[in-house]
Amino acid sequence: MPFNYDPPYPIDGNEISLYLTNKLGPQLHNKAQYGRPFDLVVDEYGVNDIVARRLHSRQFDGLTIRRIGIAFEPSGVYLMGRCKYKGLGFIATVVMKPEIDKNGDFSLGIKKVKAGRARLPFAAAIIRRKIADRLEESAGEELFGDIAELLLNNGTIEPVMKVGGVKIRAERIVTVEEKMIISFVPYE
């Protein structure tokens, strides 16, 4: 089992995470309105609260992923879950180092996919394909294109978003113990 696998317990129901609606969303909205650079600090605990309410269990063509959790470490982001595939049980870990590259584009920076402690070079392709198939079923084409590019090809997208009528651009992403810090600037 990976050293930092401590997933949130699933939260059933239709309630949206208070971390998302009362802290993260308002902070992003309010800071964007000032028209100057700002940092948004994203807490591991808060992200796991969001995950526990929406992504706690998924099934893709024989691959079951449960107890999904995210850990922020200085070395990157660890997305982990208990998996069962063709009778085999294991903890899958996707290791990412999200970044804004030299061209100013965002990348998840997927470094490796592991099952337990063993690195599985073929697992990345299987897991990415199954997730992409599911996304294609549930997302609009434009959104799917961006997400598919990030997941399937470890590609990039332009890190620009509109918040309360104001466009902002992510310029830097840093992970530290239990936090991710995203630096934004106004965008015209």
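Excluded from the calculations below are hydrogen atoms, water molecules and symmetry mates; all remaining heavy atoms, backbone and side chain alike, are included.
- Taken to the nearest 0.5 Å, the CG atom of L18 stands 7.5 Å off from the CG atom of D49.
- Following chains of ILVMFWY side-chain contacts shorter than 4.5 Å, one can reach L40 starting from M161, so the two form part of one hydrophobic cluster.
- Counting only N and O atoms by type, the side chains of S107 and D101 include no donor and acceptor under 3.5 Å apart.
- Residues satisfying the side chain to side chain contact (heavy atoms under 4.5 Å, CB included) criterion with V41, sequence neighbours excluded, are D43, K179, I181.
- Both I16 and L28 are assigned to one and the same hydrophobic cluster, defined by single-linkage of ILVMFWY side chains at heavy-atom distances under 4.5 Å.
- Taking each heavy atom of A71 and E44 in turn, the nearest pair found is CA-OE1, 3.3 Å.
- Looking only at side-chain heavy atoms (C-beta outward), P98 and V77 come within less than 4.5 Å of each other.
- When all heavy atoms are compared, the tightest approach of S17 to G46 is OG-O, 4.4 Å.
- With rounding to the nearest 0.5 Å, the separation of CZ in R53 from CG in L20 is 10.0 Å.
- With sequence neighbours excluded, no residue forms a salt bridge (Lys or Arg N to Asp or Glu O under 4.0 Å) with E171.
- For the atom pair OH of Y45 and CD1 of I50, the computed distance is 11.5 Å after rounding to the nearest 0.5 Å.
- The CG atom of N30 sits 10.0 Å away from the CZ atom of F38 when rounded to the nearest 0.5 Å.
- Side chains of T156 and N103 form no contact here, defined as non-hydrogen atoms less than 4.5 Å apart.
- Closest heavy-atom contact between T93 and Y78: CG2-CD2, 3.9 Å.
- The heavy-atom pair separating F106 from I173 by the smallest distance is CE1-CD1, 3.4 Å.
- For E177, the CD atom sits in a packed shell: over 12 heavy atoms of surrounding residues, nucleotides or ligands are nearer than 6.0 Å.
- Under the salt bridge (Lys or Arg N to Asp or Glu O under 4.0 Å) criterion, no residue pair touches residues 84-100, with sequence neighbours excluded.
- Contact record, P159 with D105: CD-CA, 3.9 Å, taken as the closest heavy-atom pair.
- Under the side chain to side chain donor-acceptor pair (under 3.5 Å) criterion, E158 pairs with R169, Y187, not counting sequence neighbours.
- Side-chain contact between E73 and V176: absent, with no pair of heavy atoms (C-beta onward) separated by less than 4.5 Å.
- Listed by chain and residue number, nothing satisfies the side chain to side chain donor-acceptor pair (under 3.5 Å) test with T175 (two or more places apart in sequence, or in another chain).
- Nearest heavy-atom pair, F72 versus V42, reported as atom, atom and distance to 0.1 Å: CE1-O, 3.7 Å.
- Partners of S183 under the side chain to side chain donor-acceptor pair (under 3.5 Å) rule, at least two apart in sequence or in another chain, are D39.
- Here I65 contributes atom CD1 and L79 contributes atom CG; the two are 8.0 Å apart, rounded to the nearest 0.5 Å.
- Rounding to the nearest 0.5 Å gives a distance of 9.0 Å between CD1 of I168 and CD1 of I182.
- Hydrophobic clustering (ILVMFWY, side-chain heavy atoms < 4.5 Å, transitive): I157 and L108 are in one cluster.
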